[in-house]
Q: 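One structure follows; several queries about it will come next.
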Amino acid sequence: MSVKKRIVASNWKMNPLTVKEAIALFSAAKKVAGACANVQTVICPPALYLKTLSNAVSGHRYLVGVQDIFEKQGVGAYTGSISAQMAKNAGAVWAIVGHSERRALGETNEIVHAKVLAALGAGLTAILCIGERERDHDGFYLSFIKEELENCLAGVSQKKLGQIVIAYEPIWAIGAEAAGADTPGSLFEMVIYIRKVLVGIFGSRLGLEIPIIYGGSVDAMNAKELLEKGDVRGFLVGRASLDIKTFSAILRIANS
Ligand code: PGA
């Protein structure tokens with residue numbers, strides 16, 4: 001599936017505590033998402049809620065995604081793990097892979113690469129998260145980003161490129177403790193750089209088609225500028241996706 005619309009993916013992380021709350025949040029989000037024809041909304045709840053929530057999906061404007069998958073495909077003796085196919089069977093259409101909170105637990109580019117291939121193999125659209133821990137003066141962060149992209153996308157076939165979305169998520173901009181979102185100007189430069197690397201990997205015709213979204217402290221106040229001046233296709237939204245007012249505002253901005 002090639003994605004031409006704006007993309008707003010929500011990452012609920014380890015929230016909420018009960019399925020009842022998850023249903024309430026999902027119901028509220030789907031009302032707004034269903035009215036946003038120009039946005040592909042993707043809601044990524046904890047895997048435990050996938051089945052229940054995906055049963056409540058109607059149409060294509062909003063879909064359900066999984067926050068992580070195991071690097072091995074199918075089934076096997078991997079205690080506690082969920083394969084891409086299992087997530088798909090539970091209703092996931094998209095999968096976040098390589099989120100920095102997973103990488104912080106020891107996930108290497110090699111593992112993320114296997115997860116990308118597993119997601120694509122199962123027919124899921126992969127949101128590949130990349131992002132540097134800090135911006136150093138020597139520009140080392142640029143080679144770090146390049147390495148993440150090259151290693152995690154190695155061997156991805158041209159036929160599957162329509163199932164790839166890149167989420168640029170600088171780690172220093174993620175979460176309540178963060179310094180705040182990237183600025184639209186610096187995001188714009190990063191997006192150009194990421195495009196350049198993607199063109200280096202896949203050539204200009206295909207490399208320029210891959211959507212790039214931004215994540216890290218996106219809220220209703222900064223969404224418009226980040227979209228327009230940052231030149232991203234959309235967002236991966238953490239905290240703000242748990243607040244239905246804010247999330248609705250972000251969706252409406254992306255839709256306009
Ligand atoms: P945040 O998280 O929006 O809460 O900063 C973003 C993310 O981790 O994807």
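Whatever order the structure lists ligands and atoms in, that order sets their numbers, starting from 1. FYI, side chains are in, hydrogens and waters are out, and symmetry mates aren't considered; it's all heavy atoms of this structure.
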Q: Please determine which of Glu107, Glu110, Glu71 meets the side-chain hydrogen bond (donor to acceptor under 3.5 Å, both in side chains) test together with Lys115.
A: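 Exactly one candidate clears the test, Glu107.
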Q: Suppose I only count heavy atoms of Leu236 and a 4.0 Å limit; which atoms of ligand 1 are within that range?
A: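 Reading through ligand 1 atom by atom, the close ones are 9 (O).
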Q: Hey, which atoms in ligand 1 end up nearer than 4.0 Å to a heavy atom of Arg239?
A: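 Result: 1 (P), 3 (O), 4 (O), 5 (O).
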Q: Looking only at the side chains, is there a donor atom on one of Thr18 and Glu21 sitting less than 3.5 Å from an acceptor on the other?
A: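 Checked: Thr18/Glu21 side chains pair up, N/O donor to acceptor below 3.5 Å.
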Q: If you round to the nearest 0.5 Å, how far is OG of Ser10 from CZ of Phe247?
A: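 The OG atom of Ser10 is 4.5 Å from CZ of Phe247, to the nearest 0.5 Å.
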Q: Can you list the ligand 1 atoms lying under 4.0 Å from a non-hydrogen atom of His99?
A: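 By the 4.0 Å cutoff, the relevant atoms are 7 (C), 8 (O), 9 (O).
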Q: Is Arg103 salt-bridged to Glu148, cutoff N-O under 4.0 Å?
A: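 Salt bridge between Arg103 and Glu148, a charged N being under 4.0 Å from a carboxylate O: yes.
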Q: Could you check whether Asp68 pairs with Lys13 (Lys NZ or Arg NE/NH1/NH2 to Asp/Glu carboxylate O, under 4.0 Å)?
A: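 The answer is no: the pair does not qualify as a salt bridge.
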Q: Would you say ligand 1 has an N or O under 3.5 Å from any N or O of Gly238?
A: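 Yes, at least one N or O pair falls under 3.5 Å.
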Q: Looking only at protein heavy atoms, identify the closest one to atom 2 (O) of ligand 1 and say how far it is in Å.
A: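 Protein heavy atom with the smallest distance to atom 2 (O) of ligand 1: Lys13 NZ, 3.2 Å.
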Q: Could you check whether atom CG of Leu17 has more than 12 heavy atoms from other residues, nucleotides or ligands sitting under 6.0 Å from it?
A: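 Counting other residues, nucleotides and ligands, CG of Leu17 stays at 12 neighbours or fewer.
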Q: What protein heavy atom lies closest to atom 9 (O) of ligand 1? Include the residue and the distance to one decimal.
A: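 It is Glu169 OE2, 2.7 Å.
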Q: So, regarding Ala240 and ligand 1 (criterion: nitrogen or oxygen to nitrogen or oxygen, under 3.5 Å), is there a contact or not?
A: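 By distance alone, the answer is no.
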